[in-house]
There are 2 protein chains.
Amino acid sequence: MTQQADPRPAGARRVGIADVAALAGVSPGTASKALNGRGNLREETRQRVRAAAEQLGFAPNSVARSLLSGRTFTVGIITTDSYGRFSIPIMRGVEDSLGVGEMIAFLCDSRDDPIREQHHLRKLLERQVDGLIVAGRRTDARQPLRDKLPVPVVYAFARSANPDDCSVVSDERGAAKLAVEHLVKTGRRRIAHITGPHSHASSRERAIGTTEALAELSMELISEPLFGSWTETWGRFAAAQLLRTHPDVDGVFCGSDVVARGVADGLREAGVSLPTQVGIVGVDNWGVVAEAARPPLTTVDLGLEEIGHRAGDLLLAAIDGHPAPGIHVVSSHLVVRES
Amino acid sequence: MTQQADPRPAGARRVGIADVAALAGVSPGTASKALNGRGNLREETRQRVRAAAEQLGFAPNSVARSLLSGRTFTVGIITTDSYGRFSIPIMRGVEDSLGVGEMIAFLCDSRDDPIREQHHLRKLLERQVDGLIVAGRRTDARQPLRDKLPVPVVYAFARSANPDDCSVVSDERGAAKLAVEHLVKTGRRRIAHITGPHSHASSRERAIGTTEALAELSMELISEPLFGSWTETWGRFAAAQLLRTHPDVDGVFCGSDVVARGVADGLREAGVSLPTQVGIVGVDNWGVVAEAARPPLTTVDLGLEEIGHRAGDLLLAAIDGHPAPGIHVVSSHLVVRES
DNA sequence: GATTGTCAGGAAAAGCTTTTCCCTCTTATG
DNA sequence: CATAAGAGGGAAAAGCTTTTCCTGACAATC
């Protein structure tokens with residue numbers, strides 16, 4: 001690996017501050033002050049140095065700068081999800097937040113493998129990252145990374161099992177509440193809940209939130225929540241089953257858009273007119289699924305990008321010495337389409 | 001931004017090689033040699049140093065190491081796509097490839113904004129990345145990043161307009177050929193092509209590949225290629241139209257899985273039995289779309305992950321002084337499902 | 001016994017920027 | 001005029017690891 005052939009093929013030697021200083025006829029220290037607005041220099045000298053830097057296309061070597069300051073303006077993102085459905089908007093939010101602090105992110109994919117995760121962690125710490133964000137694909141609590149880390153950590157979407165860590169999570173029950181209230185507000189009274197596997201915390205939370213929200217309105221589900229899998233096939237199957245047992249259903253809250261799309265297809269193909277006879281609400285606001293469904297799905301957006309953004313902000317604050325441990329809940333919002 | 005509050009909340013002072021050396025009773029230089037297998041040391045000394053490093057949990061500060069060696073073992077990935085459908089598998093491939101070289105990637109999202117892109121470029125160069133990968137979302141050629149970059153660059157998926165740059169691209173015509181051959185092999189003779197916007201190079205290339213592949217078999221399309229958009233709605237619409245003008249169609253090659261799914265729904269709901277009467281082939285192998293379609297879609301996988309992998313390999317080679325300029329084509333492969 | 005060679009490890013420089021401390025020159029003040 | 005103060009800029013250290021060069025000690029050889 002990595003012979004020592006010339007590592008700079010095209011663009012000549014990199015210019016250093018010494019080159020700028022020489023061209024401007026000052027010492028490197030002075031050049032540094034001129035460019036960074038420090039020290040006590042004549043305005044004319046500053047101009048001269050700036051001109052020299054411009055002319056040479058000087059960009060400070062941030063490696064040297066980091067070595068001195070102990071700060072790299074770099075964070076590591078460890079995602080357990082192979083850049084999938086969930087981590088993508090989260091990462092975008094993180095990058096947005098980090099960008100304003102002139103920080104930049106290393107991306108590591110642990111693929112749910114603890115060994116891999118520790119390996120990435122070590123590599124990131126060697127590189128002196130200023131902080132870490134751990135993004136998961138499931139809302140179930142996860143093991144903390146490791147005790148006594150030398151840098152702050154923020155968990156995004158998948159909370160840390162240690163409540164003293166800083167975690168940013170979605171509001172699962174609030175999402176269910178939004179969905180239920182929307183269904184009721186649009187006149188639905190006989191509501192069912194079709195969702196994913198019972199082994200997923202998000203399924204269970206959303207189911208609990210659903211019954212709670214109905215209870216607040218003195219209502220209840222027309223049947224027990226139907227747990228299955230996060231697939232369209234399950235949605236279609238469950239829709240058919242639901243029609244057999246409860247043909248009078250007029251609203252379905254689905255645990256995800258994928259399930260909701262299956263339910264919509266299942267109902268429509270059984271001759272149910274949507275959204276006239278039955279209203280459907282999904283969760284995720286996953287464009288390719290929700291918009292292509294017939295009718296386009298009304299759905300609850302969990303605010304993944306906002307989660308990433310908050311995680312980034314909290315990490316920056318922690319790096320600046322203002323940690324905010326605990327669970328931070330980002331609220332969901334309803335996206336009304338035609339279903 | 002960034003006060004100088006204590007940047008290390010939890011884990012005490014970072015241990016340096018000097019700490020290890022002191023504990024082992026040697027000089028820092030000797031400790032370095034011991035840990036890196038350099039120099040001429042007694043085996044017992046090496047052991048002692050290794051034990052001390054272990055005990056203290058020492059991890060070398062790669063910032064200092066980089067400053068000395070001029071190599072950071074870091075690359076920058078600039079994607080024009082907000083971590084979307086295409087960049088995701090590409091990035092995974094890149095990470096796979098880079099991982100074996102113990103390299104790690106900075107991720108930047110330019111959101112198709114040249115200003116943003118230049119900004120990211122500058123930040124990455126300041127950080128002394130060893131190389132760059134530019135990943136696009138469209139196959140259309142793009143402007144090169146900049147002339148005379150001090151590090152090697154590999155373009156992935158979206159080739160550089162400069163043919164002397166190193167680009168890794170998908171085989172659009174080959175993909176069309178695979179699809180057509182599959183349709184013909186499964187007995188289809190009256191084949192149509194429904195695809196995305198004519199303004200996209202990938203639509204045009206796939207259409208050309210389709211007619212070429214048919215020509216090689218002394219066949220031709222039953223109608224001109226139908227250009228539209230990358231949506232299910234277009235697929236459904238085009239399917240209906242196709243049935244009106246060519247009710248005898250028995251095979252459709254679609255420019256993407258999303259379109260193919262629309263076509264499948266459109267045909268099925270018009271009473272066409274799939275795949276008995278009409279065979280459908282898509283492009284992308286996008287799980288959530290292709291697998292949920294009825295029937296699950298046979299599709300051409302463009303090998304995005306492989307593109308990322310190749311790009312990573314080529315970049316590593318270039319960093320090691322073995323550049324391979326030109327266009328590198330990654331071949332597609334057929335994924336046979338039930339359509 | 002003196003010289004040469006080898007082995008083990010130490011000392012110091014290098015890599016690039018920033019920052020602290022200090023020096024010199026000018027100007028103002030008593 | 002002499003001293004103090006301030007302005008402007010230089011010199012050098014610091015940050016951490018690696019690498020080169022060098023020194024000492026010991027053994028072997030003549």
Side-chain angles (χ1 to χ4, degrees), chain A residues 2 4 7-8 13-50 52-53 56-74 125-130 150, chain B residues 2 4 7-8 13-50 52-53 56-74 125-130 150:
Chain A
T2 72
Q4 43 270 58
R8 328 190 177 90
R13 202 174 62 79
R14 266 166 164 153
V15 311
I17 200 167
D19 302 307
V20 174
L23 180 58
V26 298
S27 74
T30 303
S32 170
K33 291 174 204 159
L35 294 174
N36 297 306
R38 301 281 160 73
N40 219 346
L41 305 181
R42 258 180 309 173
E43 185 53 30
E44 182 262 330
T45 309
R46 280 192 206 282
Q47 293 294 359
R48 199 152 32 93
V49 173
R50 271 199 283 264
L56 268 46
F58 169 72
N61 180 333
S62 69
V63 171
R65 184 183 258 170
S66 297
L67 181 57
L68 191 55
S69 69
R71 290 269 323 253
T72 54
F73 287 87
T74 284
L125 291 178
E126 280 179 12
R127 286 177 156 79
Q128 314 293 114
V129 293
D130 294 334
Chain B
T2 70
Q4 43 270 59
R8 327 192 175 89
R13 204 174 62 78
R14 265 167 165 152
V15 311
I17 199 165
D19 303 306
V20 174
L23 180 58
V26 297
S27 74
T30 302
S32 170
K33 291 174 204 159
L35 294 174
N36 296 307
R38 299 280 160 74
N40 220 345
L41 306 181
R42 261 181 307 173
E43 185 53 29
E44 183 263 328
T45 308
R46 279 190 207 282
Q47 294 293 1
R48 197 150 34 91
V49 173
R50 272 199 282 262
L56 268 46
F58 168 74
N61 179 334
S62 68
V63 172
R65 183 183 260 173
S66 296
L67 182 57
L68 192 56
S69 69
R71 289 268 324 252
T72 53
F73 288 88
T74 283
L125 290 178
E126 279 178 14
R127 284 176 157 80
Q128 314 293 114
V129 294
D130 293 335

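As the structure is a computational prediction, the values presented were derived from the model and not from experiment. Below, chain A is the first sequence line, B the second, and so on; all start at residue 1.
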For B:N61 and D:dA14, give me the distance from atom CG to atom P, rounded to whole Å.
17 Å
For C:dT18, does either OP1 or OP2 sit under 4.0 Å from a side-chain N or O belonging to A:R38?
no
Looking at D:dC16, D:dT19, C:dT17, which one has an atom nearest to any side-chain atom of B:S32?
D:dT19
Rounded to whole Å, CZ of A:F58 lies from P of C:dC16 at a distance of 11 Å
Which comes earlier along DNA chain C counting from the 5' end, the contact point of A:I17 or that of B:G29, where each point is its nearest nucleotide?
B:G29
Atom pair distance, as rounded to whole Å: CG in B:D19 and P in D:dC16:
9 Å
Measure from CG on B:L68 to C1' on C:dC16 and round the result to the nearest Å.
11 Å
Residue-phosphate contact under 4.0 Å: B:N36 side-chain N/O, D:dT18 OP1/OP2:
yes
Between B:S66 (side chain) and B:S62 (backbone), is there a donor-acceptor pair under 3.5 Å?
yes
Keeping the roles fixed (side chain from B:D130, backbone from B:F73), state whether a donor-acceptor pair exists under 3.5 Å.
yes
side-chain contact (heavy atoms from CB on, under 4.5 Å) evaluation trace for A:L35 with A:R50:
CA-CA 6 Å; A:L35 294 174; A:R50 271 199 283 264; 4.0 Å; yes
What's the shortest heavy-atom distance between B:V129 and B:T72, and which atoms?
CA-OG1, 3.8 Å
Consider the side chain of B:A64, meaning its heavy atoms from C-beta on, and name the nucleotide among C:dT17, D:dT19, C:dG15 that approaches it most closely.
C:dG15
Donor-acceptor pair, distance only, cut-off 3.5 Å: does the side chain of A:R46 make one with the backbone of A:K33?
yes
What integer distance in Å separates A:L67:CG from D:dG15:C1'?
4 Å
Do the side chain of A:N36 and the main chain of A:S32 share a donor and acceptor less than 3.5 angstrom apart?
yes
Side chains of B:Q128 and B:L67 in contact at under 4.5 Å (non-hydrogen atoms):
no
Review item, nucleotides 5-9 of chain D N/O atoms under 3.5 Å of protein N/O:
| from | atom 1 | to | atom 2 | distance (Å) |
| --- | --- | --- | --- | --- |
| D:dG9 | OP1 | A:R42 | NE | 3.4 |
| D:dG9 | OP1 | A:R42 | NH2 | 2.7 |
| D:dG9 | OP1 | A:T45 | OG1 | 2.7 |
| D:dG9 | OP2 | A:R42 | N | 3.0 |
| D:dG9 | OP2 | A:T45 | OG1 | 3.1 |

Could you check how far CZ of A:R71 sits from P of C:dT18, rounded to whole Å?
15 Å
